[in-house]
Student: 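If you scroll down you'll find the structure; I have some questions about it.
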There are 2 protein chains.
Amino acid sequence: MIRIVVADDEEMIRTAIVSLLAMEDDLEVVAQADNGSDAVSLVRQHQPEVVLLDLEMPPTDGIEAATQVLSSVPDTRAVLMTRHARPGVLRRAMAAGITGFVPKSTSVSRLAEVLRDVAASRRYVDPELAAQALNADACPLTDRELDALRLTRTHASVQQIAETLHLAEGTVRNYLSSAMAKTQSESRHAAAEVAWQQGWI
Amino acid sequence: MIRIVVADDEEMIRTAIVSLLAMEDDLEVVAQADNGSDAVSLVRQHQPEVVLLDLEMPPTDGIEAATQVLSSVPDTRAVLMTRHARPGVLRRAMAAGITGFVPKSTSVSRLAEVLRDVAASRRYVDPELAAQALNADACPLTDRELDALRLTRTHASVQQIAETLHLAEGTVRNYLSSAMAKTQSESRHAAAEVAWQQGWI
DNA sequence: CGATTCCGATGACATATGTCACCGGCCCCC
DNA sequence: GGGGGCCGGTGACATATGTCATCGGAATCG
């Protein structure tokens, strides 16, 4: 019996997945959470073979939850689900040590197969996603540029960004300007959008 | 037997919902689609009692699909599902003539009950959503302000907005400034975000 | 070692954006 | 007819944003 913890913030999809997985003879959902941090403590408590994590969860997202899970319960395999399969995210997820990666365009029956694979310590990455990730341009942005773009996405002003990052305003403007050049964007907001779409932030 | 057409662009949730609804004795999913326009033609073809539509679907969203469905097959009842329950959206959905409205924080078993209600021509609106909609402030923005905010969301510059709307730049800045005041935002981007969150655009 | 390259950082400068006061025209409604 | 609100518009002004030249330090490479 493969024991599983499921975390997804959307009730409808989580309950649906759980009900359908429960019908599989060899799978057992031992706990479910609607956020990342609860998922982490549930995994610690239940020590399941596999934890299934949604990527988009406030406040702790799937990758962060996976990182915490794997550092404290290294025997558990993590599978990440995502709605928008942005290329760069896969790279970060792999770096975090996840074993499986599926888009939400997968059917639940297929998901069950993936969970079995992963429980048997086989890696699984959705082929289309993998292809995208291989074709994806490496992120041309520096860490600081990414910092500034992340904050730009929250509608912070340059001044606020500078304070948060402990930099001079001019410096921040430089990073943003450079990021805009690299992403061929006309404004820092557009650049942040591009970086997000690409999965760089 | 209640016959249903289901439309949702996310495979995982759609297949999950369909499988679970199929287990109910009195419900039958006769067709499913992953976009709004397919949903419309499937409804025309199958004439189901109920059509279950996701709100967020590219390119034709749920409200638009519902409008088209109800004008061509008026006997069909439409139920809308949404991930982010923005208050203003409910108003627009009701105006489009939908009979049921549920957030995706609903469980599938609850959804089945709603579908039965709706098939019996009873309206159903998620209580929390309804409360939000009643408490929601009416949109304080003028049409022109909304135009400018819509374009702001595409990261257009003030100049580009002015060209698109055939206005002077100063005028556009005025609308945006006024919108920012009304939404208590610090920038036009933040104002556009607020308007979006509120379901005003 | 020296040359080169890249990142982080700064300040000066030009442009874009937001604020304010104000105007005339139009429409609706008391 | 006289308000009041929305619309389109202008100009002046303050501030925010984006561009550029430049610098120091760390890493890389010949």
Side-chain angles (χ1 to χ4, degrees), chain A residues 88 91-92 95 136-201, chain B residues 88 91-92 95 136-201:
Chain A
R91 208 183 311 263
R92 284 202 296 147
D137 311 311
C139 174
L141 302 168
T142 72
D143 289 349
R144 290 308 227 173
E145 285 162 2
L146 292 173
D147 286 341
L149 288 179
R150 253 184 291 274
L151 289 167
T152 290
R153 267 178 57 81
T154 70
H155 305 294
S157 69
V158 172
Q159 194 182 27
Q160 290 168 324
I161 296 175
E163 283 170 18
T164 308
L165 298 181
H166 305 293
L167 295 177
E169 280 187 46
T171 308
V172 172
R173 285 200 291 269
N174 256 338
Y175 292 151
L176 290 173
S177 180
S178 148
M180 287 160 58
K182 288 175 183 172
T183 56
Q184 296 168 23
S185 307
E186 299 278 296
S187 81
R188 62 201 183 96
H189 299 284
E193 187 68 27
V194 170
W196 170 254
Q197 295 285 353
Q198 296 291 323
W200 294 335
I201 51 181
Chain B
R91 209 183 311 264
R92 285 201 295 147
D137 312 309
C139 173
L141 302 167
T142 73
D143 288 349
R144 291 311 229 173
E145 285 162 2
L146 291 173
D147 287 341
L149 289 180
R150 253 186 290 274
L151 288 165
T152 291
R153 266 178 58 81
T154 70
H155 306 294
S157 69
V158 172
Q159 195 183 25
Q160 290 168 324
I161 296 175
E163 284 169 18
T164 306
L165 298 181
H166 305 294
L167 296 177
E169 280 187 46
T171 309
V172 171
R173 282 202 291 270
N174 268 342
Y175 291 151
L176 290 172
S177 180
S178 150
M180 287 159 59
K182 288 176 182 172
T183 57
Q184 296 170 23
S185 306
E186 299 277 297
S187 80
R188 63 202 183 97
H189 299 283
E193 186 68 27
V194 170
W196 170 252
Q197 295 286 353
Q198 295 292 324
W200 294 335
I201 53 179

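Letters A, B, ... are given to chains in the order of the sequence lines, protein chains preceding strands, and every chain is numbered from 1. All of these numbers come straight from a predicted model, not from anything done at the bench.
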Student: May I have the distance from E169(A) (atom CD) to dA16(C) (atom P), rounded to whole angstrom?
Tutor: 19 Å
Student: Check whether any side-chain heavy atom of T154(B) lies under 4.5 Å from a side-chain heavy atom of Q160(B), and answer yes or no.
Tutor: no
Student: What nucleic acid atoms does R144(A) come within less than 4.0 Å of, heavy atoms only: base, sugar-phosphate, or nothing?
Tutor: sugar-phosphate
Student: Examine dT17(D): is either OP1 or OP2 under 4.0 Å from a nitrogen or oxygen in the side chain of R188(A)? Give yes or no.
Tutor: yes
Student: Can you find a donor-acceptor N/O pair under 3.5 angstrom joining the side chain of N174(B) to the base of dC20(C)?
Tutor: yes
Student: Using whole Å, what does the distance between atom P of nucleotide dC6(C) and atom NZ of K182(A) come to?
Tutor: 10 Å
Student: Could you tell me whether a side-chain N or O of T152(B) sits under 3.5 Å from a main-chain N or O of A148(B), the two making a donor and an acceptor?
Tutor: yes
Student: Remember a base hit wins even if backbone is also touched, and classify S157(A) as base, sugar-phosphate or nothing at under 4.0 Å, heavy atoms.
Tutor: sugar-phosphate
Student: Would you indicate which nucleotide in dG18(D), dG9(D), dT19(C) comes nearest to any side-chain atom of S177(B)?
Tutor: dT19(C)
Student: Report the distance from atom CZ of R173(B) to atom C1' of dC13(D), rounded to the nearest whole Å.
Tutor: 11 Å
Student: dC6(D) C1' sits how many Å from L141(B) CG, rounded?
Tutor: 13 Å
Student: So, does T142(B) get its side chain near the phosphate of dC7(D), meaning an N or O under 4.0 Å from OP1 or OP2?
Tutor: yes
Student: Is it true that atom CD of Q197(B) has more than 12 heavy atoms of other residues, nucleotides or ligands lying nearer than 6.0 Å?
Tutor: yes
Student: Look at the side chain of T171(A) and decide which nucleotide, out of dT17(C), dA9(C), dC7(D), has an atom nearest to it.
Tutor: dA9(C)
Student: Return the value, rounded to whole Å, for the distance between atom CD of E186(B) and atom P of dT15(D).
Tutor: 14 Å
Student: Please determine, by modelled atom types, if Q159(A) and E163(A) share a side-chain donor-acceptor pair under 3.5 angstrom.
Tutor: no
Student: Over how many whole Å does the gap from M180(A) atom CE to dT15(C) atom C1' extend?
Tutor: 12 Å
Student: Figure out the CG/C1' separation between L146(B) and dC7(D), and round it to whole Å.
Tutor: 14 Å
Student: Can you check whether H155(B) reaches V194(A) side chain to side chain, under 4.5 Å on heavy atoms?
Tutor: no
Student: Expressed in angstrom and rounded to an integer, what is the separation of H189(B) atom NE2 from dA16(D) atom P?
Tutor: 14 Å
Student: OP1 or OP2 of dG8(D) versus the side-chain N and O atoms of Y175(B): is any pair under 4.0 Å?
Tutor: yes
